[in-house]
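Heads up, the thing below is written out as structure tokens.
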Amino acid sequence: MAEDTRQDKRASFSAITEHNTNGMARTSALASGKAGASKKLVIKNFKDRPKLAENYTEDTWLKLRDAVGAIQNSTSIKYNLEELYQAVENLCSYKVSPTLYKQLRQVCEDHVQLTESLDNLSFLKRMNRCWQDHCRQTIMIRSIFLFLDRTYVLQNSLLPSIWDTGLELFRTHIVNDSAVQKRTVDGILEQIELERTGETVDRSLLRSLLGMLSDLQVYKDSFEERFLIETNRLYAAEGQLLMQERDVPEYLHHVARRLEEENDRIMSYLDQSTQKPLISCVEKQLLGEHMTAILQKGLSTLLDENRVTELALLYQLFSKVKGGLPTLLQFWRDYIKSFGGKIVCTPEKDKDMVQDLLDFKDKMDNVAQSCFTRNEGFINAMKEAFETFINKRPNKPAELIAKYVDSKLRAGNKEATEEELERILDKIMIIFRFIHGKDVFEAFYKKDLAKRLLVGKSASVDAEKSMLSKLKHECGAAFTSKLEGMFKDMELSKDIMIQFKQYMQNQSEPSNIELTVNILTMGYWPSYTPMEVHLPLEMVKLQEVFKLFYLGKHSGRKLQWQPTLGHAVLKAEFKEGKKELQVSLFQTLVLLMFNEGEEFSVEDIRTATGIEEGELRRTLQSLACGKARVLNKNPRGKDVEDGDRFNFNNDFKHKLFRIKINQIQMKETVEEQVSTTERVFQDRQYQIDAAVVRIMKMRKTLSHNLLVSELYNQLKFPVKPGDLKKRIESLIDRDYMERDKETPNQYHYVA
């Protein structure tokens, strides 16, 4: 019937077409039926869906179940996979999806339950193989039931996908079994512990099993918690044991190695989520619990021996632990204070104090930069520690730094180049910054600078001026104004001597002695104790000539001669021949006596020269007991006694023509040192008095505590409260200020 219909339609269709002779067809406006009516082609679906065969659903499921069983048992599948896929699609099309899904789940569940007892052989390997098989089987089953997965399951959000169903079944029936789970996790932990003790384990097996736990979403609860507990226990015991058995460098390297191993485990087989708690656990047990012990036991040794590698490792490790760097910083600060305190507070080591300080500072700078990554906190702590210990012993470091600078700026020092000298001066300035009593440094520096300038012993004018500019930059123009004045005096003196030489050439009686005079402004230079000595007549005459010349140019000024700083070049004749002796003025006066006689006692020389006794003994010692012995002492000996007699050593020999005999005044005497220190203290008292009067004049009335606080802000040197109180009492006695009658702690300025 259907066929006939199609034929009729074809007949009808052909009736309205006609063919041209060229083979083309055209549609006619006329049909065989009604005139003027048009026909449309309509194609409709079957009114009824074809029905499935009576036993199609059951037979198809049996085929599918056999295929799933074959996959699960790793045997060959009888049917074509495409045929199976089409069967699933057919069943889904006829709304059998819910039944099919339940049947598939039941078959998978039955199989998983069957594998529960497969744990007898090498358990972990069997478990891993079981998991791998299950994954492979689930993928194959899913590929057959893909249409079901992508239609029915996808449309029902509450249903898990076939893959998730496979994971859920494995988790429920295998891993969540307490015995299986415990044995699996125990086995994994045992393998990890074996690896930690140095044995080789199958990392791919561990990676697969831990991946299984992660995929099944039981990794954290079943494995990680126990793993971290075991790790904590292991490293707590290891830390306690190794801290007792090993020295600190060895222990630090062990900790670094352990951290590296644990990071490697995370990369190899542990889940990434374990990284943070695992590393924190290792750091806490091996470092955090032993921070103080590590630093007490080993920091001093590491710093003493300059173990840069281990110090860098120590900093790196401590930076990972909570509170690590603050603890390290405190111990570092304490070490610097302790070590530096020994350098500064040991009088026996005063000779090397400054060099030791410079070396120590260099060493600590290197540690801060190369080991502590230039951490600002550590650099500031170092500065604070240096400032603390260097001022533990008042005044002495300042004095010794001034002397050290003198040794470097004096001619004949061993520094090869100006660049090296400049570098040393820069380092000195760093130490200088830490000193509180800079006025002590100024006093000794000024005294030594005076000697260098007056005796012509300065190594380099450029170096002197460079040091001066550094001091000016550090302490201000007021600090260096007197030092700059000394340089100006030396330059003016040169100009005056040029004029004096021209003046002498015009004199009717020229002198045999060539005189050079340095004119020193009293306020700029250190104060020298005047000493009256008996000069030869020719020298006295020459002094008078210069005085007449100078006062003629500068009326109203007063000249005071300072013989202690004078020096001369003497021409002497010995059996070996003529020599020139470069000597101090005191040495000159002693030697000139031997033009008048053969032998003199100490008392004879003292009477003739007028030199003070202590100075005279040192002068005779330099001439008769030093390396260049131009005088003979009888009896022989290193020290000059009252009964000693001296005669001219005509047999004196020396390879040089001009011989410099050590000038005793270049070596600082104890008296000189004490007088310089006392002068500083005296200056400080004047400064305190001036500051008190200045403050009271401005404020009129002030309490004692506020006055003391204001004084501490203004004074640039360390001072004790007791000393301030004495100066305030002194000013009250001298009527500069008075106490309040009702409140003794209150002061009033007296105009």
Can you list the residues that meet the salt bridge (charged side-chain N to carboxylate O under 4.0 Å, His left out) rule with Arg374, with sequence neighbours excluded?
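Applying salt bridge (charged side-chain N to carboxylate O under 4.0 Å, His left out) to Arg374 gives none.
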Please identify each residue that fulfils salt bridge (charged side-chain N to carboxylate O under 4.0 Å, His left out) with Glu422, with sequence neighbours left out.
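Applying salt bridge (charged side-chain N to carboxylate O under 4.0 Å, His left out) to Glu422 gives Lys470.
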Just say parallel, tilted or perpendicular for the rings of [X] and [Y], cut-offs at 30° and 60°.
X: Tyr747; Y: His704; value: perpendicular
X: Tyr550; Y: His554; value: tilted
X: Phe500; Y: Tyr503; value: parallel

Can you name the one residue among Glu399, Gln355, Met353 that meets side chain to side chain contact (heavy atoms under 4.5 Å, CB included) with Tyr404?
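Between Tyr404 and the candidates, side chain to side chain contact (heavy atoms under 4.5 Å, CB included) is satisfied uniquely by Gln355.
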Heavy-atom pair with the smallest gap, counting every atom of Ile519 and Ser493:
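For Ile519 and Ser493, the tightest heavy-atom pair comes out as N-OG, 2.9 Å.
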If I compare all heavy atoms of Ala398 with all of Ile435, which pair ends up nearest, and what's the gap?
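Looks like CA-CD1, 3.8 Å.
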Is there a donor-acceptor pair under 3.5 Å between the side chain of [X] and the backbone N or O of [Y]?
X: Asp740; Y: His748; result: no
X: Lys700; Y: Lys697; result: yes
X: Asn391; Y: Glu387; result: yes
X: Ser338; Y: Tyr335; result: no
X: Lys363; Y: Asp304; result: yes
X: Glu612; Y: Gly614; result: yes
X: Gln587; Y: Ser584; result: yes
X: Asp448; Y: Asp406; result: no
X: Ser730; Y: Lys726; result: no

Please assess Phe441 against Phe444 for the test ring-ring contact (aromatic ring centres under 6.0 Å, His included), listing each intermediate value before the final yes or no.
CA-CA 5 Å; Phe441 172 88; Phe444 282 94; 9.4 Å; no
Working note: Arg699 + Glu710, criterion salt bridge (Lys or Arg N to Asp or Glu O under 4.0 Å); need CA distance, chi angles, decisive distance, verdict.
CA-CA 11 Å; Arg699 305 289 282 273; Glu710 193 68 37; 3.7 Å; yes
According to the salt bridge (Lys or Arg N to Asp or Glu O under 4.0 Å) rule, which pairs have a member within residues 323-336, sequence neighbours left out?
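Listed by first then second residue: Arg333-Glu384.
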pair Ile294-Phe318: side-chain heavy atoms closer than 4.5 Å
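A side-chain contact exists here, since the closest heavy-atom pair is under 4.5 Å.
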Could you tell me if the side chain of Leu303 sits less than 4.5 Å from the side chain of Phe331, heavy atoms only?
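No, side chains not in contact.
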Is there a side-chain hydrogen bond (donor to acceptor under 3.5 Å, both in side chains) between Asp689 and Tyr736? Walk through the geometry before answering.
CA-CA 10 Å; Asp689 289 355; Tyr736 282 94; over 6 Å; no
Between Glu491 and Lys488, is there a salt bridge with N-O shorter than 4.0 Å?
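Salt bridge absent between Lys488 and Glu491.
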Assess the residue pair Lys541 and Glu544 against the criterion (salt bridge (Lys or Arg N to Asp or Glu O under 4.0 Å)); give the C-alpha distance rounded to whole Å, side-chain angles, the decisive distance to 0.1 Å, and a yes or no.
CA-CA 5 Å; Lys541 281 183 181 178; Glu544 289 301 319; over 6 Å; no
